[in-house]
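The next block holds one structure in the form of structure tokens; read it before the comments.
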There are 6 protein chains.
Amino acid sequence: MARPKASSKKISQGEHDEASAEYQRGMNEIRKQLGPMADSYIEKIKALAPEFAWVNVTFPFGELYTRDVLDLKTRELCTVAALTVQGFSLPQLKIHIDAALRCGASREEVVEVITQMIAYAGFPAATNALMTAQAVFQETDEPEKPKKAAK
Amino acid sequence: MARPKASSKKISQGEHDEASAEYQRGMNEIRKQLGPMADSYIEKIKALAPEFAWVNVTFPFGELYTRDVLDLKTRELCTVAALTVQGFSLPQLKIHIDAALRCGASREEVVEVITQMIAYAGFPAATNALMTAQAVFQETDEPEKPKKAAK
Amino acid sequence: MARPKASSKKISQGEHDEASAEYQRGMNEIRKQLGPMADSYIEKIKALAPEFAWVNVTFPFGELYTRDVLDLKTRELCTVAALTVQGFSLPQLKIHIDAALRCGASREEVVEVITQMIAYAGFPAATNALMTAQAVFQETDEPEKPKKAAK
Amino acid sequence: MARPKASSKKISQGEHDEASAEYQRGMNEIRKQLGPMADSYIEKIKALAPEFAWVNVTFPFGELYTRDVLDLKTRELCTVAALTVQGFSLPQLKIHIDAALRCGASREEVVEVITQMIAYAGFPAATNALMTAQAVFQETDEPEKPKKAAK
Amino acid sequence: MARPKASSKKISQGEHDEASAEYQRGMNEIRKQLGPMADSYIEKIKALAPEFAWVNVTFPFGELYTRDVLDLKTRELCTVAALTVQGFSLPQLKIHIDAALRCGASREEVVEVITQMIAYAGFPAATNALMTAQAVFQETDEPEKPKKAAK
Amino acid sequence: MARPKASSKKISQGEHDEASAEYQRGMNEIRKQLGPMADSYIEKIKALAPEFAWVNVTFPFGELYTRDVLDLKTRELCTVAALTVQGFSLPQLKIHIDAALRCGASREEVVEVITQMIAYAGFPAATNALMTAQAVFQETDEPEKPKKAAK
């Protein structure tokens, strides 16, 4: 990844260049998907682990999601499927259900993907995902309440 | 599920009606997705566990996949994402990569979904899925070899 | 599955027949296992996803659990073992520990199954299951408190 | 665990006492469950990792399985459920399906537990377990072939 | 394991000897790693399941961790890596991040192991682990608040 | 990541610059850890999915492993722990056991980490990892046989 001085020697923490094109491209993408919570989400990680935050911005968002092979809606539905099956990543599932809606998926489509996952991961995983979707839908319907930054 | 005598008493093995509309709808769907191997796949399961085979035909294929909320290509890409993340279900991933291609997905799109999953499940799961995709592509390119019924 | 009009055409949401024998058989079974919370549990799911609720009632409860190959107590202990190992499905484990007790298992037997799982899934999964069992036992011992419908 | 010299100082590899009552109790139990392959299974592990083998004999077999809270058949069916859900442990599932049959479970009961797990872990995990059961049944039906020591 | 009467007959619950050298060695080790919360943690488990508590003290702590092949800091970092990847065992991850710091690891090293796990388990698992590390660091920085016994 | 033309517009497949400092740093690192099989491993992935290969070289190897917070031996032991617990990633575990030995870990230390994981992931996962270690040790002892490029 681009760094102020592109050398092949050992790198120490914090010397990543946030003004670089690659970092900005990642931040643009993360804002498009996560909406208002994007910046605070990254800041929260950066405060503890700058390297983790850098990789999070530049790799999945700056690198993977900006490729045009698949449209964003299909990508997000695939991620909803994946996190439903994974079972333990409900905070991230919440973020990506929100992102799926932001990218043009309907609530019915999100629920359909989760329902389909019953066949691949069973009822417990799918039920927990369904309850997560319900929480996202409720928060969206009650915009007056301040939305907490998801973990 | 519809049975010859729709009663609420205990049911014993084997009394499911394969001539029923629901079973036929499931078999039609499974043939559309799995292609030539569909019937032998179900027969293989039925020989050992008739109840398992009945549920496999009527529930995911007869019930879930025939709903028109999502198109089949999107459904299959979501399943590819899910099985990539699950890690241990490579025989089924193979079947669904094949099904995704049959339902209109390009090889590039299948590889893209698997690559996206690096972000959600890491390199080992994604690498094993990529090798599975490669095996499907090679078998498709060499149609002269008899394709073994996937597990 | 049986529907008002048993056809093989595409089906749309909500046309499942809850008065059918298969749905009633599933509801009877789910009430036997989950007790007082059964109806509110299904209603909660149905409000968001009618298809998910229909499948949940008719497939595991109406279809699997009503087969007489295994007694209900053994089935529930197997489910306790499975959900202990799965690790992320503690809300469902809670429901099935309660169901195991309702189906004739003793607390000692439930704890024994969880302890046995140390060997197959390690201490973290087993410890979380043990704490879940403790929560169920405490709620059962304090019936005056209103029991919240488990997720 | 009992050692030749029961002290609280650091212990080095290999000083466990295989003549001790606890080790013998574990070996008796493992032979009861695994049958003829028990000794070669443990020897194979011991050749590489004596500590691993000692713990394997004394902990799950010498300690857990000799407790009389649950009968062995129920324990083995619970283990079959657990390993079905776990997905990646098919070599061990094979051993425990064999052990379940040895402890009095019928083939129908083993298949029933695996079928029940569709609801908790989905079709891929359950299908792979079903194919594993089929392999065990076939090997049992063809005793003339030398049975390879399962991994 | 050593018991008051070392026989090979069936054992019943509760006859383990906590005054034995092996149990004391395990308790010493668990106190060294978990610090002040060690005794209450084991008592909490013992109140519900004496067998579980006995195994927890004598097996991982009395047996595994007292072996001198690896230093404790390396062992704890490996456990942090393992629980990060496991995903669902955040209460235990919390305990072992605390133990890693107690055994000489720096906060930077703990964060580095978690960051490395992005490559093997993806962002959701690693992000949840990072947030768990942050919670441990904050509790350590605010010693005036009574630290709750972690589950 | 650095590309020939660092712009924030959409990127298409294949325009990554393998002559860049970051890619070379990653390749150097991957060769240090994987030894002779490093180049063929990456070539194999690149033939099917150039983007996947680029990310694999630049992210875990070029970015994570070149940071000097932890020594390589500790990193590799952590990865062995992680992949042991993950259960399904035995091809990658094989690569990293080999890499651990290459980075200074002894066979005894590798076996010790795997044995420790019994406590966190149970016997099936740990046993499969132990058998994988045995396979690596045997291949190392028989250098005359051509070592197949691990998947």
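This structure is a prediction, so every number in the text was calculated from the model and none was measured. Quick note on labels: first sequence line is chain A, next is B, and so on, each numbered from 1. In what follows, every heavy atom counts, from backbone to side chain, and hydrogens, waters and symmetry copies are set aside.
- The CD atom of C:Glu112 sits 11.5 Å away from the OG1 atom of D:Thr74 when rounded to the nearest 0.5 Å.
- When each of D:Arg75, D:Met117, D:Glu109 is scored by its heavy-atom pairs under 4.5 Å with chain C, the top score falls to D:Arg75.
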task: For the pair D:Val69 and C:Thr115, evaluate side-chain contact (heavy atoms from CB on, under 4.5 Å) and give the outcome as yes or no after the intermediate values.
output: CA-CA 11 Å; D:Val69 180; C:Thr115 303; over 6 Å; no

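- Applying the side-chain contact (heavy atoms from CB on, under 4.5 Å) rule to D:Pro60 yields the partners C:Ala119, D:Asn56, F:Phe123; only residues at least two apart in sequence or on another chain are considered.
- Between the side chain of D:Gln86 and the main chain of C:Tyr120, a donor-acceptor pair closer than 3.5 Å is present.
- The two residues D:Ala82 and C:Ala81 make their nearest non-hydrogen contact at CB-O, 4.2 Å.
- C:Phe88 meets the ring-ring contact (aromatic ring centres under 6.0 Å, His included) test with no other residue; sequence neighbours excluded.
- For the set D:Val113, D:Leu70, D:Val80, the entry with the most heavy-atom pairs within less than 4.5 Å of chain C is D:Leu70.
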